[in-house]
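Each ligand, and each atom within it, is numbered from 1 in the order the structure gives.
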Amino acid sequence: MRVLFVCLGNICRSPSAQGVFEKLLAADELAGSIKVDSAGTADYHIGKPPDRRAITAASRRGVDISMLSARRVADSDFAEFDLILAADHDNLQELMRRAPADCAAKLRLFMSYAPDDGEEIPDPYYGGEQGFEDVLDMLERASQGLLASLREHPQSPLVS
Ligand code: 4NP
């Protein structure tokens, strides 16, 4: 199972999602069988590390994302990942627009794994530090939901 987290810039939400989910996974027997990555639909920050505020907020929770480097979603991602999880509707729409007709990857909102928190992970980029904490809270809950789904349906961890 290969999981790709996607946001706009790949410097705030999706690298944080990658770090949070990888940390949760590290303690799990599924760890060796799940590949995790992140990417952005925009090209503004390619090659840059995550936003300093995202790095700081994650590190307070024992998650190190400082070594990640932003990249844009590639056409090959639609073949190389089984599950592509978008932070919000805009990014999901952009993924659907770019996906090839024979796309095997499943495209979903990440928050579909924690529906009580709402559908979208709000973009924290133009806000204050609390926004990054709120994003991490949501990511932790959605990561729990995703891992539970993967345990239950290893080949098709989808919620309706
Ligand atoms: P992200 O946040 O999509 O969560 O990485 C953003 C990062 C940068 C910009 C927008 C959102 N930007 O406009 O540069």
Glu119 side chain to His89 side chain, donor-acceptor N/O pair below 3.5 angstrom: yes
With atoms numbered from 1 as shown, which atoms in ligand 1 lie under 4.0 angstrom from a non-hydrogen atom of [X]?
X     : answer
Cys12 : 1 (P), 2 (O), 4 (O), 5 (O)
Ile11 : 5 (O), 7 (C), 8 (C)
Gly9  : 1 (P), 3 (O), 5 (O)

For [atom], which protein heavy atom lies nearest, and how many Å away is it?
atom                    : answer
atom 14 (O) of ligand 1 : His45 NE2, 2.8 Å
atom 1 (P) of ligand 1  : Cys7 SG, 3.5 Å
atom 13 (O) of ligand 1 : Tyr126 OH, 3.0 Å
atom 9 (C) of ligand 1  : Tyr125 CD2, 3.5 Å

pair Glu94-Val6: side-chain heavy atoms closer than 4.5 Å: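 They are not in contact (no side-chain heavy atoms under 4.5 Å apart), so the answer is no.
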Candidate pair Gln18 and Ser38, rule side-chain hydrogen bond (donor to acceptor under 3.5 Å, both in side chains), full reasoning: CA-CA 6 Å; Gln18 179 181 352; Ser38 66; 2.9 Å; yes
Interatomic spacing from CZ in Arg108 to CG in Leu83 - rounded to 0.5 Å: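 Taking CZ in Arg108 and CG in Leu83, the distance rounds to 8.0 Å.
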When you check the gap from the basic side-chain N to the acidic O, do [X] and [Y] get nearer than 4.0 Å?
X      : Y     : value
Lys106 : Asp82 : no
Arg71  : Asp37 : yes
Asp77  : Arg2  : no

Ligand 1 versus Asp123: contacting region, heavy-atom distance under 4.0 Å: side chain
Structural part of Asp51 in contact with ligand 1, heavy atom criterion under 4.0 angstrom: neither
Positive for side chain to side chain contact (heavy atoms under 4.5 Å, CB included) with Arg13, one of Asn91, Leu136, Leu139: Asn91
Ligand 1 N/O within reach of Pro124 N/O, cut-off under 3.5 Å: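 Looking only at distances, the answer is no, because the N/O contact criterion of under 3.5 Å is not met.
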N or O contact, Tyr44 vs ligand 1, cut-off under 3.5 Å: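 Between Tyr44 and ligand 1 (N or O atoms, distance only) the closest approach is not under 3.5 Å.
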